[in-house]
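Have a look at the structure below, then the notes.
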Amino acid sequence: MAALSFRLCSSPLICRATLDNGRNHHATDASFIRRAADLSEMSAGLTSPHPNFGCVIATPSGKVAGEGYLYAQGTKPAEALAVEAAGEFCRGSTAYLNMEPGDCHGDHTAVSALVEAGVGRVVVGIRHPLQHLRGSAIREMRSHGIEVNVLGEDFQSKVLEDARKCCLLVNAPLIHRACSRVPFSLLKYAMTLDGKIAASSGHAAWISSKLSRTRVFELRGRSDAVIVGGNTVRQDDPRLTARHGQGHTPTRIVMSQSLDLPEKANLWDVSEVSTIVATQRGARKSYQKFLASKGVEVVEFDMLNPREVMEYFHLRGYLSILWECGGTLAASAIASGVIHKVVAFIAPKIIGGSKAPSPVGELGMVEMTQALNLIDVCYEQVGPDMLVSGFLQPVPDLLPVIPSEDATFEIDPSVNPFESSIIFFYKTWDLYGSFSNFSPHPIRMPYGDDYRTWSSVEHYYQANKFVGVENPLSHDCVEKIRTAKSPEEAALVGRSKQRQQPELVRSDWEDVKIEVMYMALKCKFSTYPHLKTMLLSTAGSVLVEASPHDLFWGGGREGEGLNYLGRLLMQLRSEYLGESSVSAENTSLAV
Ligand SMILES: NC(=O)C1=CN([C@@H]2O[C@H](COP(=O)(O)OP(=O)(O)OC[C@H]3O[C@@H](n4cnc5c(N)ncnc54)[C@H](OP(=O)(O)O)[C@@H]3O)[C@@H](O)[C@H]2O)C=CC1
Ligand SMILES: Nc1c(N[C@@H]2O[C@H](COP(=O)(O)O)[C@@H](O)[C@H]2O)[nH]c(=O)[nH]c1=O
């Protein structure tokens with residue numbers, strides 16, 4: 001290399017320094033990007049899975065001036081938190097982001113924070129995977145004169161490629177959501193050295209060690225849901241809780257065609273965490289009624305296969321699913337192509353048993369050459385067990401294979417990304433996500449003879465369930481919801497209190513809830529002009545909250561929902577349009 005550097009320039013010292021400087025530059029960028037990727041996962045297990053954003057702000061001398069990460073969907077962006085932490089050291093600094101900011105709903109908080117703080121350069125690990133977001137924030141930062149480098153696009157090197165891979169991994173669920181329209185699924189099992197997941201009697205407690213099972217609790221805490229099959233319910237009577245005392249607890253899902261399930265089961269206790277049973281359409285209606293009476297949600301499918309079930313939970317906004325089923329369902333899930341990663345805890349014990357179940361049932365493979373090879377395999381000792389994990393499907397490399405809307409328009413102006421005149425919205429990271437009650441738009445609402453600020457519409461709506469009730473516990477609920485750290489936590493408190501202690505809820509709640517919601521929406525869209533503009537831009541389209549399970553505020557799976565949230569937004573929109581046409585009329589009259 002020295003020879004090469006000599007040939008390229010007069011003084012090898014300067015050139016080597018340049019070369020080294022270039023290499024150091026890459027090494028510095030890579031280390032801060034990896035730090036941002038690590039930071040972005042800090043809330044894993046505490047909140048339900050969401051796009052992971054981390055931001056590190058480094059001074060020109062390479063010192064960390066400030067850091068931040070997105071805590072939960074609907075809370076302050078990582079970039080804004082890092083800018084707050086760095087203070088005046090932002091000026092002329094470099095900001096390292098594991099992923100392009102999700103600014104899209106006219107909500108430029110993240111980009112504005114970096115621009116207003118005087119950040120000079122931004123290094124981005126990966127572009128945003130969602131098509132309607134990809135490239136927006138990068139373009140906006142560049143339009144404000146910030147130098148923006150995207151790993152893998154502007155410069156290449158091994159050290160940067162490794163850093164970029166970290167950014168792909170921490171958002172694998174979001175990337176899979178963007179590319180395959182199913183959540184990211186991880187199959188986990190504990191297995192004896194002789195390849196069994198239970199004794200021939202079906203008994204399986206315990207194969208792996210306490211330490212390994214603690215890791216499993218962590219995996220559950222990082223998931224939207226945990227799935228088991230009917231046999232596992234009958235055999236183990238599992239709880240499938242994360243057992244970490246606080247933080248996020250995943251929904252439990254049982255897949256059962258027959259509904260030949262016990263009347264008594266731990267999973268039917270939904271006081272702390274919900275359970276959903278996915279079954280064949282029309283199965284055992286009486287048992288479905290029994291489950292509903294226990295508060296267990298039943299979802300019917302024409303074909304109860306893992307792909308149909310996963311596409312449904314994709315619609316519900318799930319990003320990460322943990323499969324803790326037995327081999328029968330695991331084989332079906334692998335064959336359906338919905339399993340992306342496998343995690344196996346191998347215990348140094350032998351159980352034997354020619355009929356003892358194995359981790360994966362029938363896949364129809366008869367030659368070893370047909371075996372599915374894992375990718376990026378990792379080995380880790382966990383107590384006495386060996387943890388082997390790897391990918392059945394690589395995390396798609398997201399160099400923009402799907403052009404953004406602007407790029408699409410440049411290619412073919414006649415392509416209208418949204419053919420139908422129905423606009424669906426649901427999770428805040430999806431298009432029109434700012435219409436969601438979980439979007440991070442604080443509102444100031446009248447409260448008694450005063451005003452109070454609420455972090456989101458959801459905070460305000462949930463708190464109002466308990467307003468005006470002469471019970472100190474109701475006042476506690478209001479305060480607990482008002483101070484909840486995220487809309488998701490506010491909803492969790494409000495819904496569980498309403499379910500467990502209905503006496504705390506105001507008696508007229510069913511009569512007033514629509515009005516309460518409307519007032520909150522009116523305040524939100526009046527407070528944020530860009531949201532009002534966005535709402536008006538949907539004129540002529542039907543707005544539907546695409547929640548497949550909330551049949552009051554949402555549209556339901558096959559449109560059977562009442563879609564009150566969509567209706568109220570359309571009502572508000574026509575009120576604004578009425579105002580603007582009235583004001584236009586006044587103007588025209590005035591002319
Ligand atoms: N060591 C470990 O990590 C684990 C061990 N186990 C053990 O494994 C054993 C259970 O394994 P296994 O018998 O394979 O049971 P599964 O957990 O795989 O459940 C199979 C059942 O799932 C339901 N099902 C729904 N849809 C499908 C589908 N598309 N394809 C296949 N099944 C579907 C059916 O329920 P239905 O019959 O109700 O219609 C089927 O009988 C138990 O002994 C348990 O202790 C289980 C999980 C993890
Ligand atoms: N036997 C076995 C596992 N079994 C899995 O854990 C479930 C029980 O979890 P819980 O209800 O939370 O206690 C059980 O139904 C099956 O899915 N898991 C493991 O990590 N190691 C083990 O040895």
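Counting convention: from 1, in listed order, for ligands and their atoms alike.
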- Query: Which one holds for V233 and ligand 1: side chain close, backbone close, both close, or neither close, with close meaning a heavy atom under 4.0 Å?
  - Reply: neither
- Should you measure from each heavy atom of T328, which atoms of ligand 1 turn up under 4.0 Å away? 12 (P), 13 (O), 14 (O), 18 (O), 20 (C), 31 (C)
- Query: What do we get for S332 next to ligand 1 when only non-hydrogen atoms under 4.0 Å count, side chain, backbone, both or neither?
  - Reply: side chain
- Spacing of N437 atom CG and T428 atom OG1 [to the nearest 0.5 Å]: 11.5 Å
- Task: Please assess V342 against Y189 for the test side-chain contact (heavy atoms from CB on, under 4.5 Å), listing each intermediate value before the final yes or no.
- Result: CA-CA 8 Å; V342 178; Y189 53 82; 3.9 Å; yes
- Query: Does S256 approach ligand 1 within less than 4.0 angstrom via side chain, backbone, both or neither, non-hydrogen atoms only?
  - Reply: both
- For A204 and ligand 1, does the shortest N/O to N/O distance drop below 3.5 Å? no
- Heavy-atom contacts with V216 under 4.0 Å: which atoms of ligand 2 show up? List them by number with element. 20 (O)
- Query: Can you list the steps and then say if W553 with Y426 is a ring-ring contact (aromatic ring centres under 6.0 Å, His included)?
  - Reply: CA-CA 11 Å; W553 293 113; Y426 187 37; over 10 Å; no
- Message: Please work out, at 4.0 Å between heavy atoms, whether the side chain, the backbone, both, or neither of I197 comes within that distance of ligand 1.
- Response: both
- Task: Indicate whether the side chain of R252 and that of T275 have a donor and an acceptor atom separated by less than 3.5 Å.
- Result: yes
- What do you reckon, does G202 have a nitrogen or oxygen under 3.5 Å from a nitrogen or oxygen of ligand 1? yes
- Using a strict cut-off of 4.0 Å, indicate which atoms of ligand 2 neighbour a heavy atom of P238. 8 (C), 11 (O), 15 (O)
- Do R34 and D162 touch side chain to side chain, with heavy atoms closer than 4.5 Å? yes
- Is E324 close to ligand 1, meaning an N/O of one under 3.5 Å from an N/O of the other? no
- May I ask you to check whether D236 has an N/O atom sitting below 3.5 Å from an N/O atom of ligand 2? yes
- Applying a 4.0 Å heavy-atom criterion (strictly less than), which segment of I207 is in contact with ligand 2: side chain, backbone, both, or neither? both
- Do the charged groups of E300 and R557 touch, with an N to O distance under 4.0 Å? no
- Query: Given R215, R220, R213, R239, which has its nearest heavy atom closest to atom 9 (O) of ligand 2?
  - Reply: R220
- Message: How long is the straight-line distance from OG of S486 back to NZ of K76, given to the nearest 0.5 Å?
- Response: 15.0 Å
- Item | Atoms in ligand 1 flagged as close to G230, the criterion being non-hydrogen separation under 4.0 Å | 19 (O), 21 (C), 22 (O), 23 (C), 35 (O), 38 (O)
- Item | Side-chain heavy atoms of L473 within contact of F466, under 4.5 Å | no
- Note on the structure: Taking only non-hydrogen atoms of Q235 and a 4.0 Å limit, the atoms of ligand 1 in range are 42 (C), 43 (O), 45 (O)
- Under 4.0 Å from any heavy atom of A198, which atoms of ligand 1 are there? 43 (O)
- Item | D430/R177 ion pair, N-O < 4.0 Å | yes
- Those atoms of ligand 1 less than 4.0 Å from some heavy atom in P306: 29 (N)
- Message: Below a 4.0 angstrom heavy-atom separation, can you tell me which part of S208, side chain or backbone, both or neither, approaches ligand 2?
- Response: both
- Message: If the contact criterion is a heavy-atom separation under 4.0 Å, does K188 count as touching ligand 2?
- Response: yes
- Charged N-O contact under 4.0 Å between E308 and R281: no
- Query: Under 4.0 Å from any heavy atom of A190, which atoms of ligand 2 are there?
  - Reply: 19 (C), 21 (N), 22 (C), 23 (O)
- Test ring-ring contact (aromatic ring centres under 6.0 Å, His included) applied to F53 and W429, step by step: CA-CA 12 Å; F53 291 99; W429 54 75; 9.7 Å; no
- Note on the structure: Note: ligand 1 atoms sitting under 4.0 Å from heavy atoms of Y189 are 3 (O)
- Message: I need the atoms of ligand 1 closer than 4.0 Å to a non-hydrogen atom of I207, numbered in the order shown.
- Response: 1 (N)
- Query: Salt bridge or not for K165 and D376, using N-O below 4.0 Å?
  - Reply: yes
